[in-house]
2 protein chains.
Amino acid sequence: MTMLEPKISSVGTNTVRPDGIDKVTGRAIYGADVRLPNMIVGRVKRSPHAHAIIKNIDVSKALALPGVLAVVTSDDFPEPVEAILQTLRGPMPAQWDIERLMARRKVLFKGHPVAAIAATDVHIAEDALDLIEVEYEVLPPVVTIDDALAPDAPILHDDGLDSLVEDLFQPVDGRPSNIARTVEMGFGDIEEGFSQAEVVLERVYETAMSHQGYIETHNATAIWNQDGKITLWTSTQGAFGIRQNVSRVLGISLGDLRVIPAEIGGGFGGKTVVYLEPIAALLSRKSGRPVQVTMNRTEVLEATGPTSGTRSFVKIGATREGKIVAADIRLEYEAGAYPGSPVAGGARCALGPYVVPHQRILGLDIVLNRPKTAAYRAPGAPASEFAVEAVLDELAEMLDIDPMELRDMNAAVEGDRRSDGATHGSVGSREVITTTSEHPHYRAEITQKDVGRGVAMGFWQNGGGESSAYANVHEDGKVTLITGSVDIGGQRASLAMQFADTLGINYEDINSLVGDTDTIGYTGNTGGSRTTFATGWAVYQAAVDISNQLEERIAKIWEVSVDDVNYSPIDASLHGPGDLVMTFKDAAAKLPATGGMVQGRADLVSTNVGKVGACFGAHIADVHVDRDTGKVTVLRYTAIQDVGRAIHPAYVEGQIQGGAVQGIGMALNEEYVYNDDGSMANSSFLDYRMPVANDLPAIDTVLVEVPNPGHPFGVRGVGEVPIVPPLAAIANAIYDAVGIRVSSLPANPESILRELAELES
Amino acid sequence: MTMLEPKISSVGTNTVRPDGIDKVTGRAIYGADVRLPNMIVGRVKRSPHAHAIIKNIDVSKALALPGVLAVVTSDDFPEPVEAILQTLRGPMPAQWDIERLMARRKVLFKGHPVAAIAATDVHIAEDALDLIEVEYEVLPPVVTIDDALAPDAPILHDDGLDSLVEDLFQPVDGRPSNIARTVEMGFGDIEEGFSQAEVVLERVYETAMSHQGYIETHNATAIWNQDGKITLWTSTQGAFGIRQNVSRVLGISLGDLRVIPAEIGGGFGGKTVVYLEPIAALLSRKSGRPVQVTMNRTEVLEATGPTSGTRSFVKIGATREGKIVAADIRLEYEAGAYPGSPVAGGARCALGPYVVPHQRILGLDIVLNRPKTAAYRAPGAPASEFAVEAVLDELAEMLDIDPMELRDMNAAVEGDRRSDGATHGSVGSREVITTTSEHPHYRAEITQKDVGRGVAMGFWQNGGGESSAYANVHEDGKVTLITGSVDIGGQRASLAMQFADTLGINYEDINSLVGDTDTIGYTGNTGGSRTTFATGWAVYQAAVDISNQLEERIAKIWEVSVDDVNYSPIDASLHGPGDLVMTFKDAAAKLPATGGMVQGRADLVSTNVGKVGACFGAHIADVHVDRDTGKVTVLRYTAIQDVGRAIHPAYVEGQIQGGAVQGIGMALNEEYVYNDDGSMANSSFLDYRMPVANDLPAIDTVLVEVPNPGHPFGVRGVGEVPIVPPLAAIANAIYDAVGIRVSSLPANPESILRELAELES
């Protein structure tokens, strides 16, 4: 394959969004908008208890209700398998996923599905839910990490799946525990490291369980056809991931399952998990009808994956000059009812922005009677990086070093070792630090009372993985581009722009579409800040593939050797010997008569062809603390980030602003409030407090562009990092404002008032 | 590209139809089943007159009706263009198509659209149609060929489009005529030919206008988005053809138009033409809503393309031994209201089965006030071949030669010249003749009174053209296969079978889908008996493409040269040096870890890579003629046909049986009955008499397999030929039964009684 040097033309501009009009006019088809002939409605019956044994489920009255066409319980799912399934793309515990989807012997969180029903309309379905009789033996719930680790803690997974328990839960005193998994990383000699330290800070931090808060609730529409094939429509970040998971929990072949991704109203990591899809499929199989199941907000909050509440123990040692010499970190992450918190991500990123010669990081994955956590933007990183960034703020104060200067002194750059053993490639850490230090916001004087400024950095390694692209040239020179990457944050635009510039053709001539699991090759989830990078590689290669085919085809017309024909993106033309020139459009017009149209394609593992570029950001926050009410108001906020190359700057800014707002939510407001019985006290958007527009100033963004040399357009992922710095930036700003070190987030009015009272006492 | 020798395994068997369950359960989505949020309903206002000038259209009352959201008239279509548009795929008269879709100055047939309306429900739309006031000046209609050719005939296209008229209508006596186009072909010296003849027969034959009779009526659903892009769902034989035509009549770019083919309930050539699609699109643009328009049966019969009524003058000369030496043929075909009858097809095929050293064929395309004709199965051939086959029957009788022996003596074989100047490739004419002559039906004695036997041959050259295919390998070894060929007669199965056998994998592992104009490369219509051949070539090449990619990928795993790795369909495995072997399934499973999945593709012009194989058939019909009622009953019917290779024999038999039944309909029952005012007297299936199951015996089929050497599986198209022989076979059988030579079809009871009366008088 002859490579092409792209002509940067649409890249770097704010092109019109291909999905914009559909969304503005309400025409876009989200999952719940899918309509099929004879479709019926499914609803899920959920546990009112956080922890209980299911003694009996009686569905007979529900089934007798006219209009009810099917009821599903755990009996309809495949039998338990005790081993972890070794799938082609890594190990996954199938049984847990089945039990999470539909409780079998025990319910492990309030909202845990126990049955599902399909009926001819939603009212009948909801009435029928009440007719399902479930007998429970209520068990004491495990609501906090302390509950979970207590010596006499009720054990969630002590229900006969012995081999599973032994393999995956750490035995404590010879019996299973609620500790599911331990992650360890680090290098150097931790004792030696601390022996070099002249100052040592040791702190404990907590963050609360919080939800991604996507506006669109979960949904699934399924047809289980009589030939055994299933078609599924769902709002997801990755059709192939859903296919993989549904195929696994239902025990059906991948090739018999087609997953069609609908438009998606936000995901942030949370729409990578199956909840309703297998239930809709089973209801369809039993009813013989297409079935659509949707959640309400309470179901989303109580029964889909938030991110972990966490506790982080951080001990950092430094020289008096401010050089960090050692770090010892213990992370305790809530997994929810089943193992699988993002503690590994937390461990990998905790020290990400820095060089720490001696380091040890231990991560615990702890189960408790809360919903199973799911990925949430930079999964695991906000909590652990909050802890480290808060310690660094104290350290800077203690050593009387400017906070950004301290970070500069310890900044990780190309060639430095990362906690996970990898080595930093080309990164923009210094450029971000310099830009931040020199930013007018950072240098502006603070004159008001009870106003303070905080700063913090963030790191995310970004993702790579598999992507495919397919492009179909029309004879008028327009091109349809199909990728497998669900468009959450502008992928249709950012991928079409890269495709267009690779060939030097107009962005407006590209019709950019999202394929499904049958119409495009395997493509990983839109998540982990991988898509613009990895699928960008795929569309680049698909464009090159087209240029190569055009060279072959036009060489035949010109009757010259293909070696003498070269495609140039500069003028979007083919050049032959002498002054032979033909534009892309002219060549496209000649295709019908010269052997048919051309299709371009690429399937790739992005790290085989390129190199993921890690991402750094720094945020500056000014806050005011109201000493009377405890309310913290963000007055000014600036996010500086190395974005590699901003393909579509407005989308990049949107990603940064959105991430910052979510981080501010974690810092100030958002949390799952639990009652002692394990029920969530605030399971609606009235009570679960997400920041809204009038809570916030405009978030200023500064795009630092240090191109990733491992990508034809220099792309780094940009979506994850901005959620990381706000937690510490806000906490550090609160300290600067009123002198209290908030160690437990969110810093809501109640906790601020308590801390202020303690400070004054 | 290394080629593969397919392993014939599923090919030749009656595999399960991929669309079978969806169709049996009513789940298949036909065009009228498409449902979109906020979709509204469109209906068409049609002319009650066959020929009239539109004086005025007043839509104000209709627009004032609550619920009416848009009205469209010819004013909403692009302005007239006087030239023929030179499109990339041949010339097309744009203006005619626009005026056919929506009358501008004149209406030219009863049912001609004059306006269209979109409303929130169907009842409002239909009420609103009555509120549209159209003022006409009624003109005398041209209903028959004689009307059209009369010296004082009203001229349909005499309305100011002068350049168009001059270019395309033959001037007669210095003024425009209703003769649109003349086709001439032939070779040799016609005078010389007839001078060698010892017997000469000169006859005139007529056939009636008849409709394809697809069960599903026309439909279109459109969204004209505010960004100028249109998405169209429609039941069609070819999404790309619809795209081409809609783009042309609306003056929008191909790349801005996506046509998604729905399931189709029959086409037979008639669903290659746009009727409702541009109207639905314009109604959507004006209303801002998705619009669905459907036809009822009367609209289909009155306003969509039937095939031509025809008149054929045939003069054939032969030696006493039965050798045909000369033929002079004049074909007069009704075009309907706009030029474009299938007279060229009639001319090409009239003498198709035979060697005629001196021949001249003249074809006239005649406009009259009837719906514009459209393609109908072997377009043009049934009428002209009927005429020739009827003459041959007389000739055989006159010379006392067995009818099949006469045909054998004159049979065209490989290397013989065809009327259109082409040369016959490898054909199965002799095999068909021999099989027919030896068939028990042909040799069975007739003992009943008024029962006779007729035989006739048929020829169709079959089609080639452009096709694309795309295949997507899943890691479980299943494959999704996407082609652009709409599935009318089993293409999903026949293409998946060819694909599977090329790789030697299981047919059941192929998920065979039909793409749309964005998701697959350009592919011609499913029609002209081209699809299993041409798209078969494409799926073959796409499979080979996959095998080549697997060779490359697995060579890397084995660390050997790609030249040492060969894919074999015999065991569906890759073979390397020594005893290295890996199955297709194992290789697929390794793809995720070795560079991503693979996509196979092919875009081709089938005649660049292969050679179309023409098709011959012979039918034997036994009929009983009821002398009291004139009713002709088909007692026994056998269709013998060279099918190249029957990929899916049950589908091939279905094609032959279906074609034969349609031909029998033309022979015995079907016709448009016109009143003098140009209105159709039988525009419903109650009055338009199609043969139904209890009219007919089981049609026996004999599949003669003379593989086409120009195709990897030996495919010849099979769908067209079977409609050709029934007309003459039935007419010849009627003669054999009761001694009357029916020269005007259909041979309905009225005409049989009239002929019998003449015979007896």
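Chain letters run A, B, ... following the sequence lines, proteins first, then strands; residues in each count from 1. From a predicted model like this one, the values you see are computed outputs, not experimental measurements.
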*asked:* Counting only non-hydrogen atoms closer than 4.5 Å, does A/Ser606 touch chain B with its backbone (N, CA, C, O), its side chain (CB onward), both, or neither?
replied: neither
*When heavy-atom pairs shorter than 4.5 Å are enumerated against chain B, which of A/Gly515, A/Ala469, A/Gly477, A/Ala593 gives the highest number?*
A/Ala469
_Shorter than 4.5 Å, heavy atoms on both sides: which option in A/Gly20, A/Gly521, A/Gly595 has the most such pairs with chain B?_
A/Gly595
_Measuring only between side-chain heavy atoms, which start at C-beta, is B/Lys478 closer than 4.5 Å to A/Leu254?_
no
*Side chain from CB out, backbone as N, CA, C, O: work out which of these in A/Ser253 comes under 4.5 Å of a heavy atom of chain B, or both, or neither.*
both
*asked:* Is B/Leu481 in contact with chain A via its backbone, its side chain, both, or neither, using a 4.5 Å heavy-atom distance?
replied: neither
_Salt-bridge present (A/Glu508, B/Lys229; N to O < 4.0 Å)_ = no
*asked:* Need one label for A/Ala602: side chain, backbone, both or neither, based on atoms under 4.5 Å from any heavy atom in chain B.
replied: backbone
*Give the intermediate values and the outcome of side chain to side chain donor-acceptor pair (under 3.5 Å) for residues B/Gln599 and A/Asp603.*
CA-CA 7 Å; B/Gln599 302 167 48; A/Asp603 305 83; 3.0 Å; yes
*Do you know which of A/Val24, A/Leu604, A/Ile21, A/Asn608 has the most heavy-atom pairs with chain B at a distance under 4.5 angstrom?*
A/Ile21
*chain A contact via B/Ala28 - side chain, backbone, both or neither, heavy atoms under 4.5 Å*: neither
_Pair A/Arg530, A/Ser467: side-chain N/O donor-acceptor within cut-off below 3.5 Å_ = yes
*Ring-ring centroid check B/Tyr470 A/Tyr470, cutoff 6.0 Å*: yes
_Under 4.5 Å from any heavy atom of chain B, what part of A/Thr607 do you find: side chain, backbone, both or neither?_
neither
_A/Arg35 bridged to B/Asp33 by N-O distance under 4.0 Å_ = no
_Report which part of B/Arg27 has an atom under 4.5 Å of a heavy atom belonging to chain A: side chain, backbone, both, or neither._
side chain
*Show the numbers, then the answer: is there a side chain to side chain donor-acceptor pair (under 3.5 Å) between A/Asp518 and B/Asn472?*
CA-CA 7 Å; A/Asp518 268 323; B/Asn472 182 7; 5.5 Å; no
*Which atoms of B/Ala538 come close to chain A, meaning under 4.5 Å heavy atom to heavy atom: side chain ones, backbone ones, both, or neither?*
neither
*Atom group of B/Thr517 that falls short of 4.5 Å from chain A, counting heavy atoms*: backbone
_Tell me whether B/Lys556 at atom NZ has more than 12 heavy atoms from other residues, nucleotides or ligands lying less than 6.0 Å away._
no
_For B/Asp227, which atoms come within 4.5 Å of any heavy atom of chain A: side chain, backbone, both, or neither?_
both
